[in-house]
Every structure is written in C-alpha cells, then in structure tokens.
Amino acid sequence: MSLARRAGWNVIDQVMSALSNMLLMVFVAQALNDASGFGAFSMAFVVYGVAVAVAKAMVGQPLQMRHSADSPDAFRSAVRTSQGTAAWIGVVGGLICVAVAAYVGGPVGAAFFALAPCLPALVLQDSCRMAFFAAGRAEHAALIDFIRMVLQFGLLFGAIALGWTSVGVLTLTWGIAGLVSAAVGLYLLRAAPGLLSSGAWIREQKDITGYLIAEYILGLGAAQFGILMIAPLASAADVGAIRAVQTLLGPLNVLGTAALAFAVPELSRRAQMRAPARIKAMLAVSAAMGLVSSAYVVTLILLPDPVGQWLFRDSWQGAAPVLLPMGLNSIASSLGLGAAVTLYGMGLARKTFHLNILRAPVLLGLMAVGTIQMGAVGAALALAVVEALFLPFWLVTAIRSSRRHDRERDEAAHPAADPVGEPRS
C-alpha cells in the first residue's frame, strides 16, 4: 500500500506539472496570437528545460540514486548541499539569458530578460520536486506544483485582463509563480540551499555527475539545443510549431517522467533484484508505454483542424504537419523507457552516457539538414529517425548490463577457489 501510495502521488504530481505546462503554452499562444511571439516564448521555455535538465543531472538524479535510503538527518544535509548547486545552476543560466537578450533584442530578447531573474527559482522548484521523490514524499511534490499552477494562472489571467500581453510580461508571470513554489518546497524540506557548500556536493558526486551532465547535454539536451537551432536555420515560428506539438504530446511525457521519477529510487533500494526479473519488468514497461503512446498519437492525428486552431490559433498551421513525425518520435521514446529505467536504477550512468554521446551528434546533424530542407517538419522527422535508430541499442545494453550485474555480484559473493580448494585471497 505504501508503494502504491507513492506511485499514485507521483503520477498525480507529473499530471499536474505537465497539465500546467501544457495549458500555459495554450493560453500564451492565445494571448499573443502571433507565431513569432509564441516562438520567442517557446525558446525561453526550452532554455528553462535545458537548465532543469542540467540540474537533474547534477542534483536530482545523484540524490535519488545515492541518498534515497539515508536517515532523515543525512538526507537533509544532502538536500542542503545539493540545492545550493541547483541555485548556482539557475544563476549561471540567468546570466547567460541576459547576455543573449542584450545581443538578440526583439521579442526573443524580451522573453529572455524576463526569464533571467526567475530562472534560479524555477530550477530550485524542480530540484525540490526531485528531492521529495527521493525521500518518498511525492505528495509534497504535488503540493508545490499545485501552488505553482494556481499562482501561474492567477497571474497570467490577471495580466491578460489588464491588457499586459507582451511576451516579456507573460514570461514573468510564470517565473514569479515558480519563485513562490520553490520557497514553499524549501520550507517543507527544512533545508535552505547551502550556496557555500555546493562545491562539496560536486566533489562527492563527480564520479557519476560527469557522465550524467554530459548525457543530458549531449543526449537529452541535444534535442532541446536542436530545437533552438531551428530559429536561425528557419524561423522562430518553426520553433513554435514544434513546441505546440510537444505540448499536445505532453501527457505521454507525464507517464514517462512519472515512471523514471518513481522507478529509479525504488530500484536503487532493491539492488538484489536478479536479471530475469529486471528484464521482465523492462519489457513490460516498454510494451505498456508503447501501446499507450500509439493509441494517444493516433487520437491526436485524427484531431479536427478547428480544435487545433482553437488551441493554438495562428501557430496551428505550422504545427499540424509536424504532428505525425513528432508522434512517431514519442512512440519510439516510450518503447525505450523500460531500458532507461533499468540502467538508471542500477546506477549505470556510464552506460547511458555512452549511448547518448553517440546519439547527440547524429541528432544535431540530421536536425540541421532536416530544418534547412523542410523546416519544422524536417526537424521532427530527424527526431523520429534517430529515436528509432537507437532504440535497439538501449534494449540490448540494458539486458547485457543486467546479466553482467548478476555475474559480478555472484563472483563477489562466492570467490573462486584455488587448485587446493582454498579461497583466493
């Protein structure tokens, strides 16, 4: 029952977080009613996604993998030092936003200027969520996401009612809500960020964070950088088209994120699980996610154009042709989820890094070519092709690693005997 309760709150939190982001994109698109303005807001949201990904690699995942079974005092100490690191990630990201905004100007510059002061709080808010998952307190993660959602839309609708519908103001309403939510999260954790002790956290986790941060930047982050690359190669409107479809596919990301956030700390507490059980669980997760993703993508493809136009207005014209390739990308990604959960649960950051370091240059190269040739549709096709191409590698790596994990554990428990029958020293 305790496991089911944690899983239930995990899903509730992920649904709330994804629904909040999805509705945010919809209402901003309607308020702006301008493809270029929505594209600028989408670029700011992508930068936020990159910053959160870096924080997860340096803070969230190490906390889940290594401190999920800590005593309350030890866990609080780990949270304090790790959150200091998350805060610095947000500060550095904010400074980069200011530099980009000053150079670019226009709607993109306005969105980045508004994001800059809010980014540290937004990163901290997500890191608090990861800390609650690691502690098995997903209900608190749901609480701070609920607070963020209520404030986010309260401020957003207030700004729209007052006629303040510039891209900078709309970005700021989202950031302020993240600030309040982060403050509540830190209060519940009873762990103020240790800004001066973040170096200790980095040193303690350097054996895995190097792989994780490189994986996010070169692997998962490559898709985000690839989407940002669309703007100079095509247009900001093409970025908006990709983001519009990603918003529609948000529920699938909810399920995937919930599975990772829940399964990784749970598996890390069950280090004695044998390879057959791991492989069966991996295949079950992949099959279930694949079926759900396929059904959902087919439903979206059959979505009438008037519904899409009502949701995204001027941005729907560019988004509609992107739906099929982005849907195929989501299906392939869902099929690989079981393998990812298995590898992360065993703490094999080096394995996932090797896969993603091969994937990143292929992805960026194909996205660049696809964008130049076909705009947003070409970029989406590149995402789908690369995801399908690397899916078998994820599955094979997870199966082999599970079996090797068993062999190494057995050898450590039963050392081989020497010729006269005595154990080797």
Check whether any side-chain heavy atom of L249 lies under 4.5 Å from a side-chain heavy atom of L252, and answer yes or no. yes
Could you check Q152 against T173 for side chain to side chain donor-acceptor pair (under 3.5 Å), going step by step and ending with a plain yes or no? CA-CA 6 Å; Q152 175 178 286; T173 62; over 6 Å; no
Distance col, row L172:CG vs L179:CG, nearest 0.5 angstrom, shows 10.0 Å
Are the side chain of S181 and the backbone N or O of G178 linked by a donor-acceptor pair below 3.5 Å? no
With a sphere of 6.0 Å drawn around CZ of F157, does it hold more than 12 non-hydrogen atoms of other residues, nucleotides or ligands? yes
Is the Lys NZ or Arg CZ of R148 less than 6.0 Å from the centre of F146's six-membered ring, within 45° of the axis? no
Looking at every non-hydrogen atom in both residues, tell me the closest pair between V98 and A116 and how far apart they are. CG2-CB, 3.5 Å
Within a strict 4.5 Å, meaning less than it, do heavy atoms of the W164 and L170 side chains meet? no
Derivation of the side-chain contact (heavy atoms from CB on, under 4.5 Å) call for L63 and F133: CA-CA 10 Å; L63 195 65; F133 293 144; over 6 Å; no
Donor-acceptor pair, distance only, cut-off 3.5 Å: does the side chain of S333 make one with the backbone of N329? no
When you compare the side chain of E139 with that of I12, does any pair of heavy atoms fall below 4.5 Å? no
Just so I know, are the side chains of I96 and F112 near enough to count as touching, which here means a heavy-atom distance under 4.5 Å? no
Can you tell me which residue among F153, Y48, F27 is in a ring-ring contact (aromatic ring centres under 6.0 Å, His included) with W174? Y48
Do F41 and L24 have side chains that approach each other closer than 4.5 Å (heavy atoms only, starting at C-beta)? yes
Is the number of heavy atoms from other residues, nucleotides or ligands under 6.0 Å of R403 CZ greater than 12? no
Value rounded to 0.5 Å, distance of CE in M282 from CG in L395: 5.5 Å
Ignoring hydrogens and geometry, is there a side-chain-to-backbone donor-acceptor pair from W201 to G84 under 3.5 Å? no
Show the numbers, then the answer: is there a side-chain contact (heavy atoms from CB on, under 4.5 Å) between L383 and L363? CA-CA 7 Å; L383 285 166; L363 178 63; 3.6 Å; yes
Kindly compute the distance separating CG (L343) from CG (L355), expressed to the nearest 0.5 Å. 7.5 Å
Distance from H140 atom NE2 to Y187 atom OH, nearest 0.5 Å? 11.0 Å
Is the shortest side-chain heavy-atom distance between R76 and R190 below 4.5 Å? yes
So how far is it from I160 CD1 to L155 CG, rounded to the nearest 0.5 Å? 11.0 Å
Indicate yes or no for a side-chain donor-acceptor contact from S401 to the backbone of T397 under 3.5 Å, with no hydrogens or angles considered. yes
For G90 against V123, the heavy-atom pair lying closest together: CA-CG2, 4.1 Å
Check whether T342 reaches the backbone of A398 with its side chain - one donor and one acceptor, N or O, closer than 3.5 Å. no
The test is side-chain contact (heavy atoms from CB on, under 4.5 Å); show your working for C128 and L186 and say whether it passes. CA-CA 7 Å; C128 287; L186 292 172; 3.7 Å; yes
Using side-chain contact (heavy atoms from CB on, under 4.5 Å), reason through M130 and V59 one step at a time and then give a plain yes or no. CA-CA 8 Å; M130 297 293 285; V59 177; over 6 Å; no
For V386 against R359, the heavy-atom pair lying closest together: CG1-CG, 3.7 Å
Calculate, to the nearest 0.5 Å, the distance between atoms OG and NZ belonging to S402 and K280 respectively. 13.5 Å
With a 3.5 Å distance limit and no angle check, can you tell me whether S17 reaches the backbone of D13 through a side-chain donor-acceptor pair? no
Shortest non-hydrogen separation from P321 to P325 and the atoms involved: O-CD, 3.7 Å
Going by the side chain to side chain contact (heavy atoms under 4.5 Å, CB included) test, name the single residue among V377, L328, L300, V297 that passes it with L323. L300
Using a 4.5 Å cut-off on heavy atoms from C-beta on, say whether the side chain of L358 contacts that of H354. no
Passes side chain to side chain donor-acceptor pair (under 3.5 Å), S293 versus S334? Steps please. CA-CA 7 Å; S293 298; S334 297; 2.6 Å; yes
Search all heavy atoms of C97 against all heavy atoms of V47 and return the closest pair with its distance. SG-CG1, 3.8 Å
Show the nearest heavy-atom pair for residues R137 and L189, with the distance to one decimal. NH1-CD2, 4.4 Å
